[in-house]
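Just so it is clear: chains get the letters A, B, ... in the order the sequence lines come, proteins before strands, and each one is counted from 1. Hydrogens, waters and symmetry mates are skipped; everything else that's a heavy atom, side chains included, is used.
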Number of protein chains: 2
Amino acid sequence: MKRQPTIQDVATLANVSTATVSRALNSPDRVRETTRDAVQQAVQALGYTPDFGGQALASGRTNTIGAVIPTMDNAIFARALQSLQEELTTMGVTLLVATSQYDPEREEQQVRALLSRGVDGLILIGQARAARVYELLEGRAVPYALLWTTAPSGQQLSIGFDNSAAAAKLVTQALQLGHRRFAMIAGITKGNDRARARVDGVRATLADAGLTLEPPYLVEGSYDIEQTVGIARALISLPEPPTVILCGNDVQAAGVLKAVRQAGLSVPRDVSVLGFDDIELATAVDPALTTIRVPHRRMGRMAAHLLIGWIKTGQRPDSVQFDTDLIWRASLGPPPA
Amino acid sequence: MKRQPTIQDVATLANVSTATVSRALNSPDRVRETTRDAVQQAVQALGYTPDFGGQALASGRTNTIGAVIPTMDNAIFARALQSLQEELTTMGVTLLVATSQYDPEREEQQVRALLSRGVDGLILIGQARAARVYELLEGRAVPYALLWTTAPSGQQLSIGFDNSAAAAKLVTQALQLGHRRFAMIAGITKGNDRARARVDGVRATLADAGLTLEPPYLVEGSYDIEQTVGIARALISLPEPPTVILCGNDVQAAGVLKAVRQAGLSVPRDVSVLGFDDIELATAVDPALTTIRVPHRRMGRMAAHLLIGWIKTGQRPDSVQFDTDLIWRASLGPPPA
DNA sequence: TTGCGATATGTAAGCGCTTACAAATTTCAT
DNA sequence: ATGAAATTTGTAAGCGCTTACATATCGCAA
């Protein structure tokens with residue numbers, strides 16, 4: 001790359017010191033208007049852009065926050081990041097995104113990588129991870145926010161919703177319709193507290209109604225359509241097939257719809273299907289999915305504000321918990337007579 | 001954040017100079033093995049991580065490449081980025097992602113933002129953008145790659161496929177089945193050369209068969225299911241409805257399926273529907289979509305290699321063009337009798 | 001052993017920026 | 001007008017790292 005103009009060039013052209021240029025750019029109100037204009041003009045004339053390395057080195061800040069999400073392949077994280085990023089951009093902060101592929105080790109690596117790049121703050125999904133990671137964060141005193149979850153400790157900043165209660169809503173609704181034979185295709189719960197909480201919410205609510213949920217009616221699977229088709233096929237060919245199948249997310253629910261269709265059965269006449277997330281897919285499939293609407297965008301926006309607030313003030317803000325809504329669509333109906 | 005150990009601390013502990021530490025870390029083979037071990041040990045003991053700012057400032061490199069994509073909401077970009085990122089990670093390079101929301105101005109802003117963060121290279125989607133942007137890039141001599149397209153000039157590095165030819169494949173197939181009344185719901189072509197090329201490919205192939213494609217049979221719409229439903233509804237209620245509807249991508253195709261279903265018609269009996277991209281959605285819907293499989297992952301991987309090669313050697317590599325496959329699924333059938 | 005080329009290490013000068021602190025200038029009440 | 005306070009600007013010391021160059025050490029042929 002060619003040599004770029006430096007702050008010194010701007011200073012010379014504007015006939016001021018580099019300190020003044022720096023101030024004119026970073027805290028304009030600490031500089032007289034006429035000087036500010038002169039600097040602006042010089043900046044324009046030279047096409048000057050501050051060098052990131054120099055800035056980071058001198059100030060100790062990078063104006064960057066990092067996020068480690070499980071995958072970009074799921075619209076739900078993509079969407080939350082989108083609004084997070086939009087919000088950060090307006091505050092002059094850049095977002096660095098890394099993915100863990102739902103692998104705790106990989107997540108840890110990524111956290112380290114982001115830290116070594118000097119991120120001023122970090123966004124992580126969920127709560128379950130090695131204590132080592134939290135120690136690392138606390139050790140460096142890096143502000144961080146946990147999304148998609150509600151941190152139990154109160155010692156951490158979390159911005160999320162109650163996965164368990166949300167899942168319970170679905171069950172309650174199905175119970176009211178008269179369903180008694182439930183099945184659930186959950187996400188992999190290992191290292192994934194959101195998936196676990198959803199299962200727990202379902203089981204607890206069923207227990208209140210005197211029902212249980214055990215294998216083979218409770219299965220874990222990855223968030224993959226084809227794999228889910230296989231699992232669902234097994235469920236509906238059970239001697240006593242469930243009348244309603246709960247899913248870990250909408251993608252799995254789409255897989256179930258497909259399996260049911262392939263089996264020549266109909267949703268919701270023969271079996272009801274419930275999703276989670278309310279991504280676009282939920283209305284693209286037929287029948288449209290009854291699901292839980294998760295406030296991704298609001299989580300993203302809120303995370304941006306709270307984390308930046310923390311970074312600026314040094315004070316950890318209080319956690320936020322959003323409500324979730326049950327979205328009733330055609331995939332849920334009364335059980336077959 | 002607390003004070004982190006610096007290279008000086010490591011040097012002192014390992015009883016060598018900072019230069020040696022730097023070398024031991026960055027070009028291990030230029031340091032005797034025993035010294036290297038001593039350094040490694042000190043690094044471990046202190047938990048040292050190089051400071052990004054210092055590194056960037058001193059070396060003039062950031063080991064970062066930037067990508068500006070239209071949106072994260074579309075699985076197709078997400079997926080390409082995923083493999084791009086995986087590949088870059090193995091090379092010790094970080095990926096910085098920004099989105100433009102299909103807005104050229106916004107894209108330009110993002111390019112500037114990435115440049116000012118000192119990215120060593122840049123990845124852009126498509127070819128159509130203000131000359132100003134290319135001048136900026138050339139002016140700074142920043143290596144960049146254009147994805148999803150085949151740069152006509154030969155003066156630019158492109159890694160993509162022939163959108164026009166791919167779209168033509170779909171048309172050819174439909175023609176062979178006997179379709180004569182075509183409609184197309186294209187993406188917004190303004191500032192989007194991929195969308196435009198797909199339209200062009202369709203029209204050219206139709207022209208060869210003595211057919212034309214004009215409004216109202218040719219409509220542009222955003223990649224949004226609900227909006228597409230509206231457009232499709234209008235198409236199928238035309239006095240002479242099309243027997244096949246081509247779409248700008250799979251998301252739009254899903255919208256068409258929905259509209260057809262709502263109209264009480266059936267795909268492909270009453271009308272065939274063709275997508276583009278082959279995202280997961282294509283097999284989640286019913287009937288599954290006949291579509292074009294785009295080599296996202298391969299594009300991502302290749303982009304990583306070529307761009308890094310360019311950065312390292314200073315030599316612009318040759319462009320790469322991938323083939324695309326037509327994936328035949330249930331949404332395409334013969335026209336109604 | 002000696003000496004020489006090759007290899008390994010150290011020295012020190014920045015890279016471009018921010019920010020205490022000092023110095024200069026302006027403002028304003030008297 | 002005057003001087004103290006407030007505001008604006010300049011001076012200069014780093015921030016942590018890389019790297020050209022200088023110096024020291026090593027391996028090995030004679």
Considering only side-chain heavy atoms of [X], which listed nucleotide, [options], is closest?
X     : options                : answer
A:V31 : D:dT9, D:dG10, C:dA8   : D:dT9
B:L57 : C:dG16, C:dT19, D:dC17 : C:dG16
B:A58 : C:dC17, C:dA12, D:dC17 : D:dC17

**OP:** Could you tell me which residues satisfy side-chain hydrogen bond (donor to acceptor under 3.5 Å, both in side chains) with B:T35, sequence neighbours excluded, listed by chain and number?
**Re:**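 If we apply the side-chain hydrogen bond (donor to acceptor under 3.5 Å, both in side chains) test to B:T35, skipping adjacent residues, there are no hits.
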Original post:
Closest approach of B:V21 and B:V10, non-hydrogen atoms and distance?
Top reply: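 Where B:V21 meets B:V10 most closely, the heavy atoms are CG1-CG1, 3.8 Å.
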**OP:** Of all the heavy-atom pairs spanning B:D73 and A:R297, show the shortest one and how long it is.
**Re:**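 Shortest heavy-atom separation between B:D73 and A:R297 comes out as OD2-NH2, 3.9 Å.
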With heavy atoms under 4.0 Å as the rule, sort [X] into base, sugar-phosphate or nothing.
X     : value
A:V16 : sugar-phosphate
A:T6  : sugar-phosphate
B:R61 : sugar-phosphate
A:S59 : sugar-phosphate

**OP:** Check each residue of residues 42-55 of chain B for a non-hydrogen atom within less than 4.0 Å of any atom in DNA chain C, then write out the ones that pass by number, or none.
**Re:**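 Output list: empty, so none.
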Original post:
Is the B:W148 ring parallel, tilted or perpendicular to the B:F77 ring (thresholds 30°, 60°)?
Top reply: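 If you compare the ring of B:W148 with that of B:F77, the planes turn out tilted.
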Original post:
Quick one: on DNA chain C, does B:D29 or A:N26 contact a more 5' nucleotide (nearest heavy atom)?
Top reply: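 Per heavy-atom nearest nucleotide, the more 5' residue is B:D29.
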It should be established whether [X] places a side-chain nitrogen or oxygen under 4.0 Å from OP1 or OP2 of nucleotide [N].
X     : N      : result
B:T20 : C:dT9  : no
B:T18 : C:dG10 : no
A:S17 : D:dT11 : no

Original post:
Do A:P70 and A:I125 have side-chain heavy atoms sitting under 4.5 Å apart?
Top reply: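 They are in contact (side-chain heavy atoms under 4.5 Å apart), so the answer is yes.
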Original post:
side chain to side chain contact (heavy atoms under 4.5 Å, CB included) with B:L114: which of B:V142, B:V68, B:I123?
Top reply: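 The passing option is B:V68.
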Rounding to a whole Å, what distance do you find between [X]:[atom1] and [N]:[atom2]?
X      : N      : atom1 : atom2 : result
B:R30  : C:dG10 : CZ    : P     : 13 Å
A:Q4   : C:dC15 : CD    : C1'   : 14 Å
B:E33  : C:dA8  : CD    : C1'   : 14 Å
A:I7   : D:dG10 : CD1   : C1'   : 13 Å
A:R117 : D:dC17 : CZ    : P     : 15 Å
A:N63  : C:dT18 : CG    : P     : 10 Å
B:L25  : C:dA8  : CG    : P     : 17 Å
A:R23  : D:dT7  : CZ    : C1'   : 11 Å

Original post:
Going by atom types only, do B:R106 and B:T99 share a side-chain donor-acceptor pair under 3.5 Å?
Top reply: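 The answer is no; no qualifying pair exists.
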Subject >> Polar side-chain atom of B:N63 near backbone of B:V93 as donor-acceptor pair, under 3.5 Å >> reply: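 Not at all, since once roles are kept as given, no pair shorter than 3.5 Å links the two residues.
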